[in-house]
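To start, the structure under review is shown below, and the notes come after it.
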There are 2 protein chains.
Amino acid sequence: MLYTVKEVSELAHVTIKTLHHYHKIGLLLPREVSEAGYRMYGQWELERLQEILFYKELDFSLEQIGELLAENVDRTAILAEQHRLMQSRQKRLTQLIITLEASLAAAKNGGTMNQADMFKGFGSEAEWREALEAQNQHLKENYGYDLAEQPIDVPKMNEQAAEAVRFMKGAAACLREGRRHDGPEVAQLIAEHLAFLQAHGHAIQPDDYAAQSRFFLGDDFHRSMLEAQQVGLAYYLCLAAEAYAAGSGSN
Amino acid sequence: MLYTVKEVSELAHVTIKTLHHYHKIGLLLPREVSEAGYRMYGQWELERLQEILFYKELDFSLEQIGELLAENVDRTAILAEQHRLMQSRQKRLTQLIITLEASLAAAKNGGTMNQADMFKGFGSEAEWREALEAQNQHLKENYGYDLAEQPIDVPKMNEQAAEAVRFMKGAAACLREGRRHDGPEVAQLIAEHLAFLQAHGHAIQPDDYAAQSRFFLGDDFHRSMLEAQQVGLAYYLCLAAEAYAAGSGSN
DNA sequence: GTAAAGCCTCCCCTAAGAGGAGGGTCAAGA
DNA sequence: TCTTGACCCTCCTCTTAGGGGAGGCTTTAC
């Protein structure tokens with residue numbers, strides 16, 4: 001039993017153009033070609049087509065699929081390589097989605113934010129205000145809380161932004177390295193962070209900080225920012241802050 | 001101060017070809033073009049280029065970027081649309097990785113292309129379910145080998161181990177994908193996990209599970225196991241379990 | 001015999017540039 | 001002033017996996 005291009009295209013849900021293409025690049029040859037030049041496919045070709053489509057679903061290129069379907073080939077290695085590729089692609093995609101969410105949150109409040117803007121220093125108070133505007137709007141709208149009335153000290157803000165980034169990076173490193181959330185390394189980091197904040201006019205106690213970290217978990221804007229730095233960081237920091245507060249309260 | 005293509009390409013880490021291209025399609029016009037036809041860019045153009053590159057990172061097409069950078073445009077809607085697109089892409093990618101793992105497992109065990117037969121007629125949900133099944137099978141076997149030396153009920157342990165691994169992978173995916181720890185996806189996972197445990201003779205309540213997750217944080221063995229699966233998972237799960245217990249307790 | 005459906009090949013098109021040919025321009029050193 | 005080398009230009013072709021269509025055969029049904 002032989003099938004015409006139309007029949008194959010309907011059986012396998014591909015277009016005739018695709019069959020032409022696979023013929024041209026030698027990936028799927030018809031069993032025979034009639035005198036009039038009509039392509040005729042047999043059962044074996046249909047099965048091969050299924051395999052081609054299967055690997056195509058896995059995002060292999062047609063060239064790779066040709067190799068995969070060849071004989072005497074290390075399929076395991078090719079599949080493993082593809083697995084690695086897809087995992088890195090997924091990682092990137094996740095970062096991208098997190099960044100999108102942060103941008104979306106900023107755009108909703110009328111600002112434009114790119115990640116670079118987020119932590120770079122600014123030259124003037126106006127610039128800082130502008131950068132913080134999105135965040136303020138977000139807080140005000142969702143939580144009835146307004147930060148905007150306080151005056152902004154430019155160098156101080158830059159310094160604080162830098163310190164915040166340093167702290168976040170340090171905490172992310174601890175998390176990646178498997179340090180306990182209630183361990184000494186993280187406690188040290190938090191202690192330094194709180195000391196810095198206190199030295200810069202924020203009367204923040206361990207309990208306040210723990211509450212703030214817990215609040216960040218539920219707030220898309222802040223959670224996205226932390227998760228963009230390192231997957232899991234928002235959760236780690238919350239638990240670490242609570243452990244720190246508990247520790248400093250009882251001692 | 002004007003910059004040549006070479007200078008811009010080095011400042012912004014793009015190729016000169018890219019600048020030519022953006023000029024041709026009208027996305028980034030030089031501030032001026034010299035008599036000899038040299039493209040010269042100013043500060044404003046550099047900033048616009050940064051924005052272009054930022055949106056390019058978010059996988060927007062150049063055409064979309066042009067629209068995004070136009071005035072009087074609903075950036076929020078475009079970003080939201082892109083967010084939806086990326087999430088569906090991520091969903092597909094996750095399925096794809098799972099299928100790849102199953103294929104890889106089959107290939108390692110000497111199964112050649114009959115593995116592909118398993119997923120033949122792809123596109124239907126039933127096939128993807130089959131893919132997941134194969135994946136579970138593989139994990140069960142591997143975990144079974146590890147535990148085989150201990151005097152335990154191997155088939156039963158295998159089944160439970162497989163379920164545990166599946167749960168862990170699901171939770172890790174949620175974490176990576178930025179799902180809230182108190183969101184519906186994770187709650188669903190935990191509910192299923194607890195239902196499975198209860199059906200297998202463990203009288204475990206949401207509160208017990210939350211306590212257990214909290215205990216895992218302090219236990220190096222369990223914490224390492226979770227963190228090996230995905231950085232931050234132990235902390236995420238603990239907070240998710242507590243949120244779940246709080247939710248199921250109050251309702 | 002004729003019309004409709006089906007098939008063929010050939011050509012151009014896509015997105016975002018990469019690579020290169022062939023030729024003009026600029027600045028520095030001899 | 002000449003030359004050399006770096007830099008720049010435009011124009012052309014190429015990449016993936018086919019899509020769209022033109023123009024022209026072939027097969028099938030009535």
Side-chain angles (χ1 to χ4, degrees), chain A residues 2-42 45 48-69 82 85-86 89 92 96, chain B residues 2-41 45 48-49 51-69 82 85-86 89 92 96 122-123:
Chain A
L2 294 179
Y3 304 90
T4 66
V5 279
K6 178 149 202 246
E7 288 162 342
V8 173
S9 81
E10 282 167 1
L11 282 168
H13 302 111
V14 296
T15 67
I16 294 173
K17 280 287 183 191
T18 299
L19 295 175
H20 287 177
H21 189 57
Y22 292 177
H23 186 184
K24 193 163 79 183
I25 65 174
L27 183 58
L28 180 68
L29 303 174
R31 167 150 294 266
E32 58 181 65
V33 176
S34 78
E35 294 219 348
Y38 284 26
R39 295 168 179 84
M40 305 303 289
Y41 298 86
E45 284 76 20
R48 182 171 167 107
L49 180 53
Q50 289 302 329
E51 287 174 36
I52 291 171
L53 295 175
F54 171 70
Y55 286 119
K56 199 153 79 78
E57 273 300 290
L58 295 185
D59 264 17
F60 282 100
S61 72
L62 298 186
E63 189 178 350
Q64 286 177 305
I65 293 173
E67 290 168 18
L68 273 163
L69 294 182
Q82 185 76 350
L85 189 67
M86 291 302 116
R89 196 180 285 181
R92 173 169 179 273
L96 193 155
Chain B
L2 294 179
Y3 305 89
T4 65
V5 280
K6 175 146 204 248
E7 287 162 342
V8 173
S9 80
E10 281 167 1
L11 282 168
H13 302 110
V14 296
T15 67
I16 294 173
K17 284 285 181 192
T18 299
L19 295 174
H20 287 178
H21 189 57
Y22 292 177
H23 186 185
K24 195 164 76 180
I25 65 174
L27 183 59
L28 181 68
L29 303 174
R31 166 149 296 265
E32 59 181 65
V33 177
S34 78
E35 294 218 348
Y38 285 25
R39 295 167 180 83
M40 304 304 288
Y41 298 86
E45 285 74 22
R48 182 172 166 103
L49 180 53
E51 288 183 73
I52 291 171
L53 295 176
F54 171 69
Y55 287 118
K56 198 152 81 77
E57 274 299 290
L58 295 185
D59 264 17
F60 282 99
S61 73
L62 298 185
E63 190 178 347
Q64 285 176 306
I65 294 173
E67 290 167 19
L68 274 163
L69 294 182
Q82 185 76 349
L85 188 67
M86 291 302 115
R89 197 181 286 182
R92 173 169 180 274
L96 193 156
F122 53 84

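Just so it is clear, the structure is predicted and the values come from calculations on it, not from any experiment.
A:Leu27 has its CG atom 13 Å from the P atom of D:dT16, to the nearest Å. Distance CG (B:Asp59) to P (C:dA16): 10 Å, rounded to an integer number of Å. Atoms CG (B:Leu53) and P (C:dG17) sit 9 Å apart, rounded to a whole Å. As rounded to whole Å, 12 Å separates atom C1' of D:dT16 from atom NZ of A:Lys24. Note: NE2 (B:His20) to C1' (C:dA15) measures 18 Å, nearest angstrom. One can place CD of A:Glu57 at 14 Å from C1' of D:dA17, the figure rounded to the nearest angstrom. Taking atom NE2 of A:His21 as the reference point, atom P of C:dT9 lies 15 Å away to the nearest angstrom. Look at OH on A:Tyr55: it is 17 Å from P on D:dA17, rounded to the nearest Å.
OP1 or OP2 of D:dC7 has not a single side-chain nitrogen or oxygen of B:Arg39 nearer than 4.0 Å.
Here D:dC9 is the nucleotide among D:dC9, D:dA17, D:dG19 with the atom lying nearest to any side-chain atom of B:Val5.
When the nearest nucleotides of DNA chain C are assigned to B:Ser34 and A:Lys6 by heavy-atom distance, the more 5′-ward of the two goes with A:Lys6. Closest-nucleotide positions on DNA chain D for A:Ile16 and A:Ala36 were compared, and the one nearer the 5' end corresponds to A:Ile16. Checking A:Glu7 against B:Tyr38, the closest nucleotide of DNA chain C that is more toward the 5' end is the one next to A:Glu7.
Considering all non-hydrogen atoms of both residues, A:Leu49 and A:Ala12 come closest at CD2-CB, 3.6 Å.
No donor-acceptor contact under 3.5 Å links the side chain of A:Tyr22 to the base of D:dG18.
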What pairs of donor and acceptor atoms, side-chain ones from residues 62-69 of chain B against any protein atom, are under 3.5 angstrom apart with sequence neighbours left out?
from, atom 1, to, atom 2, distance (Å)
B:Gln64, OE1, B:Ser61, N, 2.9
B:Gln64, OE1, B:Ser61, OG, 3.4

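The ring pair (Phe, Tyr, Trp, His ring centres under 6.0 Å) test applied to A:Tyr3 returns no partner, not counting sequence neighbours.
At the heavy-atom level, B:Lys17 lies under 4.0 Å from base atoms of the strands shown. Note on B:Lys56: only backbone sugar-phosphate atoms sit closer than 4.0 angstrom, heavy atoms only; bases stay farther off. Using a 4.0 Å heavy-atom criterion, one finds that B:Thr4 contacts the sugar-phosphate atoms exclusively.
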